[in-house]
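These notes are about the structure you will find just below.
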Amino acid sequence: MAIEYTFTRVNPLCLCDENDDLTTQKVEVSMKATDTTSHGTVLESYANGEVVLTGSACVAPDALDLDTLCNDLATANDWKAMLASGIADQKAAAHEWTGHLEGPAVT
């Protein structure tokens with residue numbers, strides 16, 4: 001199966017001005033990569049980062065261009081390659097089998 005990437009956390013951090021208008025100062029972002037092996041084992045890898053905003057980019061959370069902010073962060077930090085490497089490392093490591101074996105009799 002192909003690796004699937006999703007943004008799992010997009011958390012704007014805001015300040016209020018004297019008129020109680022919210023302005024976003026920073027956005028915390030997490031991305032998850034998921035792959036399922038041919039045996040049904042689900043593998044996951046995560047990346048975390050933040051986008052610091054200044055000047056006119058400091059807008060209310062609902063005015064943020066999250067598509068651009070999140071994808072630019074992921075691209076700048078090469079998250080897809082990093083997460084794919086994490087999945088590959090997990091595939092190469094021994095993991096617990098999810099089947100069932102009957103233990104032998106003690107002799």
Side-chain angles (χ1 to χ4, degrees):
M1 181 176 180
I3 296 175
E4 294 180 17
Y5 300 93
T6 55
F7 290 108
T8 56
R9 180 176 62 116
V10 178
N11 184 28
L13 302 177
C14 304
L15 293 176
C16 291
D17 67 13
E18 60 276 356
N19 299 317
D20 283 337
D21 294 326
L22 289 175
T23 58
T24 308
Q25 305 298 304
K26 184 187 305 185
V27 181
E28 298 173 327
V29 179
S30 295
M31 180 188 261
K32 175 174 81 169
T34 305
D35 195 9
T36 303
T37 68
S38 60
H39 303 290
T41 302
V42 177
L43 306 173
E44 296 177 339
S45 187
Y46 294 88
N48 299 299
E50 61 186 31
V51 178
V52 177
L53 304 172
T54 60
S56 63
C58 295
V59 297
D62 56 359
L64 292 168
D65 180 359
L66 293 177
D67 185 59
T68 300
L69 290 172
C70 293
N71 282 293
D72 284 356
L73 177 65
T75 299
N77 290 287
D78 206 13
W79 280 358
K80 281 188 174 182
M82 181 183 72
L83 296 175
S85 176
I87 295 285
D89 290 348
Q90 290 176 53
K91 286 181 178 180
H95 58 277
E96 186 174 349
W97 179 56
T98 58
H100 178 74
L101 295 175
E102 288 295 325
V106 177
T107 57

_Closest heavy-atom pair and its distance - A84, Y5_ = CB-OH, 3.7 Å
*Which distance, rounded to the nearest 0.5 Å, do you find between the CE of M31 and the OG1 of T8?*
9.0 Å
Going by atom type alone, with no hydrogens or angles, which donor-acceptor pairs under 3.5 Å involve a side-chain atom of residues 51-68 and a protein atom two or more places apart or on another chain?
| from | atom 1 | to | atom 2 | distance (Å) |
| --- | --- | --- | --- | --- |
| D65 | OD1 | T68 | N | 3.2 |
| D65 | OD1 | T68 | OG1 | 3.3 |
| D65 | OD2 | T68 | OG1 | 2.7 |
| D67 | OD1 | N71 | ND2 | 3.1 |

*Name all pairs fulfilling the salt bridge (Lys or Arg N to Asp or Glu O under 4.0 Å) condition that reach into residues 98-107, sequence neighbours left out, sorted by first residue then second.*
none
*Over all heavy atoms of both residues, which pair between A33 and I87 is shortest? Give the atoms and the distance, please.*
O-CD1, 3.9 Å
*If you look at every heavy atom in A47 and L83, which pair is closest and at what distance?*
N-CD2, 3.7 Å
*Close side-chain approach of L43 to T37, heavy-atom, < 4.5 Å*: yes
*Residues forming a salt bridge (Lys or Arg N to Asp or Glu O under 4.0 Å) with K26, sequence neighbours excluded*: E50
*Could you give all pairs that pass the side-chain hydrogen bond (donor to acceptor under 3.5 Å, both in side chains) test and reach residues 74-88, with sequence neighbours left out?*
none
*Report the residues that fulfil side chain to side chain donor-acceptor pair (under 3.5 Å) with S30, sequence neighbours left out, ordered by chain and then residue number.*
R9, N48
*asked:* Any non-hydrogen side-chain atom of D35 less than 4.5 Å from a side-chain atom of K91?
replied: yes
*What residue pairs, at least two apart or across chains, pass salt bridge (Lys or Arg N to Asp or Glu O under 4.0 Å) with a residue in residues 40-49?*
K32-E44
*Would you give the length of the straight line joining atom CG of L73 to atom CD of E28, rounded to the nearest 0.5 angstrom?*
11.5 Å
*asked:* Using every non-hydrogen atom in the two residues, find where C14 and L22 come nearest and quote the distance to one decimal.
replied: CB-CD2, 4.0 Å
